[in-house]
There are 2 protein chains.
Amino acid sequence: MDEEPGWRRQASPTIYDVAKACGVAPSTVSRAFSRPGRVNAETADRIRRVAAEMGYRTNPLARALPTGKTSLLALLVADVTNPFFFEIIRGAQEAARVAGYTMLVADVEESAEAEKEVLDRVVPLVEGIILATSRLSDSSIRVTAKQRPTIVLNRVMTDIPSVVTDNARGMRRAVEHLAELGHTTITYVAGPEASWADGMRWRSLREAAFELELQTRRIGPFSPTLAGGLAAARTFDDRPTSAVITYNDLLAIGIMRGLTLMGARIPADVSVIGFDNIFGSDFCTPPLTTVAAPLRNLGAFAVKTLLAQLAPNAPRGLRPALLPAQLIVRESTARKGPRLAPWATAAPPPQRSVTKDGNWLP
Amino acid sequence: MDEEPGWRRQASPTIYDVAKACGVAPSTVSRAFSRPGRVNAETADRIRRVAAEMGYRTNPLARALPTGKTSLLALLVADVTNPFFFEIIRGAQEAARVAGYTMLVADVEESAEAEKEVLDRVVPLVEGIILATSRLSDSSIRVTAKQRPTIVLNRVMTDIPSVVTDNARGMRRAVEHLAELGHTTITYVAGPEASWADGMRWRSLREAAFELELQTRRIGPFSPTLAGGLAAARTFDDRPTSAVITYNDLLAIGIMRGLTLMGARIPADVSVIGFDNIFGSDFCTPPLTTVAAPLRNLGAFAVKTLLAQLAPNAPRGLRPALLPAQLIVRESTARKGPRLAPWATAAPPPQRSVTKDGNWLP
DNA sequence: CAAGGGATGGCAATCGGTTGCTGCCCCCCA
DNA sequence: TGGGGGGCAGCAACCGATTGCCATCCCTTG
């Protein structure tokens, strides 16, 4: 009865198999891979040859158990379908890959609940965590950071390493741009209240406007999505201004679309500036003037910072890393025109209906 | 000297700690969680209470080593920055999460090399794999499938479970739509040669056109990106037709933009239909008529199929799952106009420069 | 009252590497 | 010739949970 050994789905060879085939001890095989100098060069070579022949691959689970080195990093993003994260993910994955790490990207669907759940699941698996635009409270983040090295992206915390875009400088450039075009009052379309970046951008706007002697106004909060922008357009229509800066590009694209439907012309009637320079901001109508975040770099930099934390001689640099933003002028901004709402009196609104999630009805 | 026990970064409690605190054996603690009926209800309750108090969390690595259950699934996508995948990722992550699995999303940057490397790294960690738009050869995929249950998305293989959009039906609808608008010749703008979907779409176009007595033409291959579309516009300009169907939306948006820069009006001069209904296809200029793939469902369905494979009584349904596509008519298609190239004679092209990756120059 | 059996809990092996320590061999140098 | 030391390989414990098997205990039943 013992000629047919029980088989599992995939009996890949182990160091024990390799050891037997080579006539050495398992520990020697292990060291042949993980500590090359520790074993005779010839022996090591032979072991590696045989191992390759047998198709041996070291089992990451087994390695991770005693050492804790899973070679896994986690990146939690608020919303994978938000283009803001695309290049961040790319940059992070790439950086992780070249460093020999695998990136575990998880979507938390804009919910603190889901974020906690995902964290619970992921924390024990990974060596480090990047929280991109977390919706968690500072204290929740600290709890996580106590368990694994953690980096926050797009948010500043005093006791956790953070990587952010230089919002203040970017906002300053945007405001200057509008001022040069003759605008005197700027409406800020706010994003989620829980968002650190939103508060930061609004404050920076206030400051810049104050220095340049412009007026500001604020509407919101709105969901940072196309649909949110559509809603913002309706609110904005009550007290319009000639210039708008939005929390992010999605909101900007949405508000442009909403205003256009109401009969406004962009940029002739209203100039709009977004934030982040996401995918699509260059081919929307009109192409959007926006404060470009160094997205890819943001992701890559976060990984590098995290990896640095992982090193035994933890550097502990806690000053937030400020990555430069850049104003990209496209076609949604223009010299201030004479006309303000109601737009409909000037141009009949192209009649068309839009569903609540921002799609055209057939 | 032994009062200060060596500490590791995070000594989370183990079943041994819990066992000691409860005065029972570790195995009992283990069973209290994994096999509730097997241990006295009171004991189990007490153990669970103490465990909760101590903040015990079962270590997934340790559990996975003997059992092989990592509760991890892998989703490999050709390009995370391609919006085609956004909703697929969402759908897949969501489905995995509710099933108690964590999804490991990996970007392979459109390269078979990178795909292999990522697979090597990921295969031993996960219980199953979803290959979305793989650039691998059939035989490479089979090798992977031998190691772990594997599902291919957007590609049909006879011996591996696959989930695809019903391209033929979708293409048929698109061609009918163009025929109704009076178009007689359709140019197909091809995507990557290695793409199964590209071949499928082109064949379906041929068939549909044949039945409806239309002419077809084919240009390409082009990279399935905005930049690819810009290049396609130049090629198309040599032998223009009044209708274009592209391999995907990105290509469609790119070619629309390219043609517009050359002075063509869309849809008056050229009607364009894309494929996939990606993020952005509704707010580009003009909003794109496209064959909508059930993206979110595609992802969710793939996960469900994979999970089914994981069950011990493997169903082994090998007929590819065809998910229905839908034609979304927006504003990039219109009745065939009288005018063909050269466009420039009719309308002076708005002079503007575009960088090779499709951004406007400042 | 004894045999049988279900309910509970413990023992110990196991998953596949890693690593501290030991032991052996050989070479070098005094 | 003997002692010291470096190079190399093996032994065995360990990471933390799972699980087959055995030992108890107590209750039931003939």
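Chain naming here is simple, since letters A, B, ... match the order of the sequence lines and numbering starts at 1 in each. Computed from heavy atoms alone, side chains included, the values below leave out hydrogens, waters and symmetry copies.
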Name the closest nucleotide to the B:Leu65 side chain, picking from C:dG16, C:dC11, D:dA17.
->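 Ranking C:dG16, C:dC11, D:dA17 by closest atom to the B:Leu65 side chain puts C:dG16 first.
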Which listed nucleotide (C:dT18, C:dG10, D:dG10) is nearest to the side chain of B:Ser27?
->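 Looking only at heavy atoms from C-beta outward on B:Ser27, the closest nucleotide is C:dG10.
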Between [N] ([atom2]) and [X] ([atom1]): distance, integer Å:
{"X": "A:Lys20", "N": "C:dG17", "atom1": "NZ", "atom2": "P", "result": "13 Å"}
{"X": "B:Asn59", "N": "D:dC14", "atom1": "CG", "atom2": "P", "result": "18 Å"}
{"X": "B:Lys69", "N": "D:dG16", "atom1": "NZ", "atom2": "C1'", "result": "17 Å"}
{"X": "A:Tyr16", "N": "D:dG10", "atom1": "OH", "atom2": "C1'", "result": "12 Å"}
{"X": "A:Tyr56", "N": "C:dG16", "atom1": "OH", "atom2": "C1'", "result": "8 Å"}

Set of salt bridge (charged side-chain N to carboxylate O under 4.0 Å, His left out) partners for [X], sequence neighbours left out:
{"X": "B:Lys116", "value": "none"}
{"X": "B:Arg142", "value": "B:Asp159"}
{"X": "B:Arg35", "value": "none"}
{"X": "B:Arg31", "value": "none"}

Do any pairs count as a salt bridge (Lys or Arg N to Asp or Glu O under 4.0 Å) and have a residue in [range], sequence neighbours left out, and if so which ones?
{"range": "residues 11-20 of chain B", "value": "none"}
{"range": "residues 52-75 of chain B", "value": "A:Asp120-B:Arg57, B:Lys69-B:Glu127"}
{"range": "residues 294-304 of chain B", "value": "B:Glu87-B:Arg296"}

So, is B:Thr43 near the phosphate of C:dG9, with a side-chain N or O under 4.0 Å from OP1 or OP2?
->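 True: B:Thr43 side-chain N/O within range (under 4.0 Å) of C:dG9 OP1/OP2.
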Phosphate OP1/OP2 of C:dG9: any B:Thr28 side-chain N/O under 4.0 Å |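 B:Thr28 to C:dG9 OP1/OP2: no side-chain N or O under 4.0 Å.
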Bend angle of the helix from C:dC1-D:dG30 to C:dA30-D:dT1, end axes from five pairs each (to 10°) =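 The end axes of the helix from C:dC1-D:dG30 to C:dA30-D:dT1 are about 50° apart, to the nearest 10°.
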[X] side chain near [Y] side chain, heavy-atom distance below 4.5 Å:
{"X": "B:Gln309", "Y": "B:Ile151", "value": "yes"}
{"X": "B:Val77", "Y": "B:Ile88", "value": "no"}
{"X": "B:Leu307", "Y": "B:Leu73", "value": "yes"}

Within the 4.0 Å heavy-atom criterion, would you say [X] contacts the bases, only the backbone, or no part of the nucleic acid?
{"X": "B:Ala62", "value": "base"}
{"X": "B:Thr58", "value": "sugar-phosphate"}
{"X": "B:Val29", "value": "nothing"}
{"X": "B:Thr67", "value": "sugar-phosphate"}

Counting only distance, no hydrogens or angles, is the base of C:dG16 paired donor-acceptor with the side chain of A:Arg57 under 3.5 Å?
-> no
Confirm from the modelled atom types if B:Arg31 and C:dG10 form a donor-acceptor pair under 3.5 Å, side chain to base only.
-> yes
Which residues in residues 47-55 of chain A have at least one heavy atom lying under 4.0 Å from any atom of DNA chain D?
-> none
Please list all pairs passing the ring pair (Phe, Tyr, Trp, His ring centres under 6.0 Å) test where one or both residues lie in residues 11-42 of chain B, with sequence neighbours left out.
-> B:Phe33-B:Tyr56
Could you list all the ring pair (Phe, Tyr, Trp, His ring centres under 6.0 Å) pairs where at least one residue sits in residues 61-108 of chain B, not counting sequence neighbours?
-> A:Phe86-B:Phe86
Residues from residues 32-42 of chain A sitting under 4.0 Å of DNA chain C, heavy atoms only?
->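 By residue number: A:Arg35, A:Arg38.
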Hey, which sits more toward the 5' end of DNA chain C by its nearest nucleotide, A:Ile15 or B:Gly23?
->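 Checking each residue's closest nucleotide, the 5'-ward one belongs to B:Gly23.
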